[in-house]
Amino acid sequence: MRLILSERDDIAACVRDARARLGTDDSLVVVIRESSDSLFVAQARASIAPFAIEAAPVTRDQRRPVP
């Protein structure tokens, strides 16, 4: 799934909503449109690591073989 965000979008809400609709084998690609709003750019960059960490346990558990 491709999620295209602009500076009016709530990054956290959009990403979490999209992830809730993904299937187990689906990927989420977030595209952030170029912006002249430096606060939006800083928030977008700062949100990458927390979202990756938040998704990591789910991704890891899905790929772990069943004993």
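On a predicted model such as this, the values are computed, not experimentally measured, just so you know. These values consider heavy atoms only, across backbone and side chains, with no hydrogens, waters or symmetry-generated copies.
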Contacts of [X] that satisfy side-chain contact (heavy atoms from CB on, under 4.5 Å) - sequence neighbours left out:
{"X": "Arg2", "answer": "Ile4, Val31"}
{"X": "Glu7", "answer": "Ser35, Asp37, Phe40"}
{"X": "Leu28", "answer": "Met1, Leu3, Val15, Ala18, Arg19, Leu22, Val30"}

Considering all heavy atoms of both residues, which atom of Ser47 and which atom of Ala44 are nearest to each other, and what is their separation?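 Minimum heavy-atom separation between Ser47 and Ala44: OG-O, 2.8 Å.
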
Can you name the salt bridge (charged side-chain N to carboxylate O under 4.0 Å, His left out) partners of Arg33, sequence neighbours left out?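 Partners of Arg33 by the salt bridge (charged side-chain N to carboxylate O under 4.0 Å, His left out) criterion come out as none, since no residue qualifies.
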
Checking Asp17 now: which residues fulfil salt bridge (charged side-chain N to carboxylate O under 4.0 Å, His left out) with it, not counting sequence neighbours? Arg21

Which distance, rounded to the nearest 0.5 Å, do you find between the CD of Glu34 and the OG of Ser6?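 Separation between the atoms: 13.0 Å.
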
To the nearest 0.5 Å, what is the distance between CD1 (Ile32) and CD1 (Ile48)? 6.0 Å

